[in-house]
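Note on naming: letters A, B, ... go to the chains in the order of the sequence lines (proteins, then strands), and numbering restarts at 1 for each one.
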Amino acid sequence: MKMSKLFVQTLREFPNDAEAISHKLLVRAGFIKKLANGIYTYMPLAQRVLNKISNIIREEMNASGAQELLMPFVQPAEVWQKSGRWAKYGKELLRCKDRHDNEMCLAPTHEEVVTSVVSDVAKSYKQLPLNVYQIQTKFRDEIRPRFGLLRGREFIMKDAYSFHTSQEDLEREYKVMAQTYTSIFNRCGLETKAVQSDSGAIGGAVSHEYMVLTDTAVGENDVFYCDSCDYSANSNHAISILPIQETNGADYGYNEEKTVDTPNVKTIEDLSKFLKINENCILKAVAYIADSKPAIAMIRGDKEIEETKLMNALNAIEIRPMEESEIKEYLNSEAGFISYRSVDKSKVKVIFDNTVKGMKNFVLGANERDKHIVGANLEEDIKEFHDISVVKVGEFCPVCKKPLKITRGIEVGNIFQLGTKYSEPMNAVYTDENGELKPYIMGCYGIGVSRTMAAAIEKYHDDFGIIWPIEIAPYHVIVIPVDTKDPVQAEKADEIYNKLNELGIETVIDDRSDRAGVKFKDADLIGFPIRITVGRTISEGLVEFKLRKEGEVKKLTPEEAIEECQKILLN
RNA sequence: CGGGACGUAGCGCAGCUUGGUAGCGCACUACCUUGGGGUGGUAGGGGUCGCAGGUUCAAAUCCUGUCGUUCCGACCA
């Protein structure tokens, strides 16, 4: 490809509205162009990267026995109503109507359709197990799309679904997919960590997220991990061992239950200062609306609530903090002074965190403005506790009990054992050996293709631009004639360019009449892994060979440079 | 959903206070110049100033509404 013909425009400045480095570089290097919030055109350079990632995925998925298909992106409401998700899926599901007034939606995922398709075709146990996948655009109407391709509304995803006759067979396939994912990301030049995204609790669905670990990534997930064993988990789901620590308000002189005035003391921090007591002796109440119903979560003052865990404990689909007015309405209380004691437990669900077990003579809201109770103790009939707190660094690994560490991760893939979550409500069944109808046992396996591209940039860049891993780089080599007016340089550069292309090495020649500086800047920005510069030294029969990654310049003959390219690509 | 900021050429911005022919840099076109890390110059092309309404002889500028973008918040009561 000639640079003068390549449909790309690099910008001299970073875009103003980008935050994440991958977003800034994708825009500045001319890979993507925004059409609307969270919706982008993939320009030719980006499309080449996406194709490379997709092809690696295809090769690995096919090798592990999965079959590629392609399902509709626009879907009728019926399939979603069948699974029950038409009502449950919130505003992320973009709904619309066709000309006949039929309700439709843009697919955010394909469990419904694939279940429906498979149940029409795979009617016998003889056709199972089955694993089908597609690579396709998805649409999720995110509340706040940001970070470019890391959290767009429209994005490209590989989604695979497997169907089995037994849990054992599902688990076998799950392991196959886990291996497949590791090799896919390795081939993309990305090291990933498979991180638990569920506590692994008995009977619970098992799932893992594949994280590209980077300390620099803005936003995204916190990942807890253990150096001494394999344990790692998304902070959403991480558990830690925290010995039930006894905290006693009596140590601060509060050994008798009584109500005290706490004027204008609203936060735990203020309260702790005002009463001269450690935060871990205060029982904090946080009020939520869970699926339109009120709930309060009680937790030790120094701990924080993990909403995903709370959601699970409440068995809710959607939760949000209560607003001031709702606190009045449902709890007849005021923020800062809520107590679990005075609420009507038949109407308001109360959840206690595990940390509350060890609290004695604690401080509690009095359910009245400017008043708290000190020296309080839990009633004996409160016996149910849940893990609803966020793990903190330094708490202990649940497997080997060593302190946990934290890092940032970008989720690029996930694998999930679904069981009969979809097949049962959708009545998707096969006939088994005994002629009985059974629901499929299912698994699903996703990879964010466009997000993987962005994650690679988050991981591999420097001040000058992108440093593509060669496996997913848009092109392998850029040949730069320094002075296109010098016929020797131009001719020799052309020769190298043609030779490389003949060898199947994807090469761009920067034939523009710009100065060398411009070409170097663009080459670094776009991130070609190999650069061959044809300049003055060509009179001595030498060109410059430079890897974007390492930055060292070697003087080689054109033949040696071409050989070097071949060697690198063979590895 | 709450709060702030911003919408002027593909990108980055000025002009608005005090209403009077729409500007700068990059990018684009042509020519000259330069030729190893974003040369220097000359001449051009490109904008219903987000949209709608209002005030006015006159609105990018003032007022109202609306749409969009963006940042923060939407656990720590």
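Heavy-atom nearest nucleotides on RNA chain B were determined for A:L525 and for A:S513, and the one closer to the 5' end corresponds to A:S513. Residues A:P145 and A:I338 both approach RNA chain B. Their nearest nucleotides, taken by heavy-atom distance, put A:P145 toward the 5′ side.
Across all strands shown, A:E279 has no heavy atoms under 4.0 Å from either base or sugar-phosphate atoms. A:R531 comes within 4.0 angstrom of a base, heavy atoms only. Nucleic acid contact class of A:D524 (heavy atoms, under 4.0 Å, all strands): base. Contact annotation for A:D514: base contact, defined as any heavy-atom pair under 4.0 Å involving a base atom. Residue contacts shown for A:F337 are limited to sugar-phosphate atoms, with no base heavy atom under 4.0 Å away.
Rounded to whole Å, atom P of B:rC71 lies 11 Å from atom NZ of A:K24. The CD1 atom of A:I305 sits 13 Å away from the P atom of B:rA74 (whole-angstrom rounding). In this structure, OH of A:Y288 is placed 21 Å from P of B:rC1, rounded to the nearest angstrom. Taking atom CG of A:D463 as the reference point, atom C1' of B:rG37 lies 15 Å away to the nearest angstrom. Here the P atom of nucleotide B:rC28 and the CD atom of A:Q9 are 7 Å apart, to the nearest Å. Taking atom CD1 on A:I526 and atom C1' on B:rG38, their separation rounds to 13 Å, with Å as the unit. The nearest whole Å value for the distance from the OH atom in A:Y40 to the P atom in B:rG10 is 18 Å. Atom CD1 in A:I478 sits roughly 16 Å away from atom P in B:rG37 (whole-Å rounding).
The listed nucleotides are B:rG38, B:rC76, B:rG36; the one nearest the side chain of A:R536 is B:rG36. Closest contact between the side chain of A:I268 and the listed nucleotides B:rC76, B:rG36, B:rG37 involves B:rC76. Of the candidate nucleotides B:rG37, B:rU34, B:rC76, B:rC76 has the atom lying nearest to any side-chain atom of A:K284. The side chain of A:N37 has B:rU70 as its nearest neighbour among B:rU70, B:rG37, B:rG36. Of all nucleotides listed (B:rG36, B:rC76, B:rU39), B:rC76 comes nearest to the side chain of A:E304. Distances were taken from every side-chain heavy atom of A:L11 (C-beta onward) to each of B:rC11, B:rC72, B:rU39; the shortest belongs to B:rC11. Looking at the side chain of A:R146, the nearest of the listed nucleotides B:rC72, B:rC26, B:rG37 is B:rC72. The side chain of A:F520 sits closest to B:rG36 out of B:rC76, B:rG36, B:rG38.
Remark: B:rG2 base-pairs with B:rC72. Criterion, Watson-Crick or G-U wobble with two distances under 3.5 Å. Of the nucleotides present, none pairs with B:rU18 by Watson-Crick or G-U wobble criteria with both distances under 3.5 Å. Both distances falling under 3.5 Å, in either a Watson-Crick or a G-U wobble arrangement, occur for no nucleotide opposite B:rG46. The nucleotide B:rG10 finds its pairing partner in B:rC26, both defining distances of the Watson-Crick or G-U wobble pair being shorter than 3.5 Å. Nucleotide B:rC51 is matched to B:rG65 when pairs are restricted to Watson-Crick or G-U wobble geometry with both distances under 3.5 angstrom.
Phosphate contact (OP1/OP2 of B:rA27, side-chain N/O of A:R12, threshold under 4.0 Å): present. Remark: A:N16 is not in phosphate contact with B:rU70, judged by side-chain N or O atoms under 4.0 Å from OP1 or OP2.
Residues of residues 25-36 of chain A having a heavy atom closer than 4.0 Å to RNA chain B, listed by number: A:R28, A:K33, A:K34.
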Exercise. Going through the checks in order, is the side chain to side chain contact (heavy atoms under 4.5 Å, CB included) test met by A:E92 and A:E142?
Worked result: CA-CA 6 Å; A:E92 277 187 21; A:E142 299 277 350; 4.2 Å; yes
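A:F362 does not carry A:R300 over the face of its six-membered ring by the limits of under 6.0 Å from the centre and within 45° of the normal. Cation-pi contact between A:R48 and A:Y475: present, with separation from the ring centre below 6.0 Å and deviation from the ring axis of at most 45°.
Taking atom C1' on both nucleotides, B:rU18 is separated from B:rA60 by 15 Å, rounded to a whole Å.
In this structure, a donor-acceptor pair under 3.5 Å is absent between the side chains of A:D302 and A:N280.
Partner A:S22 forms a side-chain contact (heavy atoms from CB on, under 4.5 Å) with one of A:L149, A:L150, A:I410, A:I466 and no other, that one being A:L150.
No side-chain donor-acceptor contact under 3.5 Å links A:D353 to the backbone of A:M298.
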